[in-house]
Amino acid sequence: QLLNFDLVTNTQFMFGAFVVTVFASGIPGMFMVISLLLQGGFDFTPLQSGLTNTPFSVGVLIASVIAGRLGARYLRGRLALAGALVSLGIGWLHLYIAGVTDSVDHWAFLPPLLLAGIGLGLGFSSLFQLVLANVPPRDAGAGSGALQAFQQVGGALGVAIIGQIFFSDLGNSFAMGGTPHAAFAGAASLALLYVVCSFALVLVLSALFRAPKAGPGHRAPAKPDLVEA
C-alpha cells in the first residue's frame, strides 16, 4: 500500500533501498556512542562534545561541494570511495578509542571524523542518484520519498543495534569491576566496529549496481526537427 507496484517489482530499486538502509544505519548510532563516551565517560560538556564532532560536518560540507561539481558522473566509483573513506575514518577512530586510558585528546578525533565526513558527503548524493536512475520518471517522486523512509528506518535500526552493542559491553565491563574510563572506551570502540562493517558492506555492494536501461519510462529526448523560417 505504501509503494507503487512498479517500484516493488523493480529489483534495482529494491536493492538500492537495501543499500540505503545499510548506508544510513551507521551514522546516527555512531554519534550517539561518541557523545556517550565523551560526556558520560570523560565528563565533556555537551558543547565540548559537539565541537569534537564538528570535523565530520566540515567533511560533509567539503564533499558536497565536490559532489555538486561532479553531477551524475562516476556514481558507482564515488559510492565505493565513500564506503572506503568512512570505513577507514571510523576504523581509525576505533583504534584510537581502543587505546584510550585516563584521558581523551579531542584533537585526535579531527582527522578520522573529517575523513569519514568527506566519505559520507561523497556517497550520499551518488547513492540516491544511482537508485533513482533506475526508476521511471513517473515514479521518481514516490521513489525519492520511499528512499527517505528507508533512510529513516536504517537510522533507527542502526541506533538500536549500536546501542545494544554499546550498553551490553558497558554493563559487562562494570560487572567485572572495570573503571568508568576503560568501560566507556571499550564499549565505544566495540560499537564503532558496526559502523566500519556497514560501510565496508556498502563498498562491496556498490559494484552490484547496474547502469539504467532505456525503457518505456526512460525514453531519450526526441531530436528536435529543423523547420525553415
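Predicted model, so just to flag it, every value in this text is computed and none were measured. The figures here come from the full heavy-atom set of this structure, side chains too, leaving out hydrogens, waters and symmetry mates.
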Derivation and outcome, side-chain contact (heavy atoms from CB on, under 4.5 Å), residues Leu127 and Phe209: CA-CA 10 Å; Leu127 175 56; Phe209 277 101; 3.9 Å; yes
Apply side-chain contact (heavy atoms from CB on, under 4.5 Å) to Leu88 and Phe199, showing your working. CA-CA 9 Å; Leu88 180 61; Phe199 280 94; over 6 Å; no
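- With Thr54 contributing its side chain and Leu51 its backbone, the two residues share a donor-acceptor pair below 3.5 Å.
- One N or O on the side chain of Asn172 and one on the backbone of Ser168 form a donor-acceptor pair closer than 3.5 Å.
- Surrounding CZ of Phe174 are more than 12 heavy atoms belonging to other residues, nucleotides or ligands, all under 6.0 Å away.
- Contact detail for Gly117 and Ala63: the closest heavy-atom pair is O-CB, 4.5 Å.
- Taken from CG in Leu157 to OG in Ser198, the straight-line distance is 12.0 Å, to the nearest 0.5 Å.
- The nearest pair of heavy atoms linking Gly123 to Leu79 is O-CD1, 4.0 Å.
- Between the Ser49 side chain and the Leu38 main chain, no donor and acceptor come within less than 3.5 Å of each other.
- Interatomic distance, CZ of Phe15 versus OG1 of Thr11, reported as 10.0 Å (0.5 Å rounding).
- Take Tyr96 and apply the side chain to side chain donor-acceptor pair (under 3.5 Å) test, not counting sequence neighbours, and it matches no residue.
- Of all the heavy atoms in Leu192 and Met30, the pair that sits closest is CD2-CG, 3.6 Å.
- Hydrophobic clustering places Leu201 together with Leu130 (ILVMFWY residues linked when any side-chain heavy atoms are closer than 4.5 Å, directly or through intermediates).
- The side-chain contact (heavy atoms from CB on, under 4.5 Å) test with Ile62 is passed by exactly one of Ile66, Val60, Val65: Ile66.
- Both Leu36 and Leu193 are assigned to one and the same hydrophobic cluster, defined by single-linkage of ILVMFWY side chains at heavy-atom distances under 4.5 Å.
- Leu208 CG to Arg76 CZ: the interatomic distance, rounded to the nearest 0.5 Å, is 9.5 Å.
- Checked against side chain to side chain contact (heavy atoms under 4.5 Å, CB included), Ser103 has no partners two or more places apart in sequence or in another chain.
- Here the side chains of Ile162 and Phe31 are not in contact, with every heavy-atom distance at 4.5 Å or above.
- There is no path of hydrophobic side-chain contacts, each under 4.5 Å, that joins Leu81 to Leu203.
- Side chain of Arg78 to backbone of Arg73: a donor-acceptor contact under 3.5 angstrom is found.
- Closest approach of Ala82 to Gly119, counting heavy atoms only: CB-O, 3.0 Å.
- The hydrophobic clustering, which links ILVMFWY residues whose side-chain heavy atoms are closer than 4.5 Å, places Ile34 and Phe167 together.
- Under the 4.5 Å side-chain contact rule for hydrophobic residues, Met32 and Phe184 share a cluster.
- Val202 and Phe23 get closest at one heavy-atom pair: CG1-CD1, 3.8 Å.
- For the pair Ser126 (side chain) and Leu122 (backbone), a donor-acceptor distance under 3.5 Å is present.
- For the residue pair Gly155 and Pro28, the shortest heavy atom distance occurs at CA-CG, 4.0 Å.
- Side-chain contact between Asn134 and Phe13 is absent, with no heavy-atom pair separated by less than 4.5 Å.
- Expressed to the nearest 0.5 Å, how far CG of Leu75 lies from OG of Ser125 amounts to 8.0 Å.
- Under the 3.5 Å distance criterion, the side-chain polar atoms of Ser144 are left unmatched by any main-chain donor or acceptor of Gly141.
- Within the model, atoms CG of Leu170 and CD1 of Ile165 stand 13.5 Å from one another, a figure rounded to the nearest 0.5 Å.
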List the steps, then state whether side-chain contact (heavy atoms from CB on, under 4.5 Å) holds for Gln151 with Phe124. CA-CA 11 Å; Gln151 176 189 340; Phe124 214 83; 3.4 Å; yes
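- Between Phe56 and Phe109, the ring center distance fails the sub-6.0 Å criterion.
- Rounding to the nearest 0.5 Å gives a distance of 11.0 Å between CG of Leu115 and CG of Leu110.
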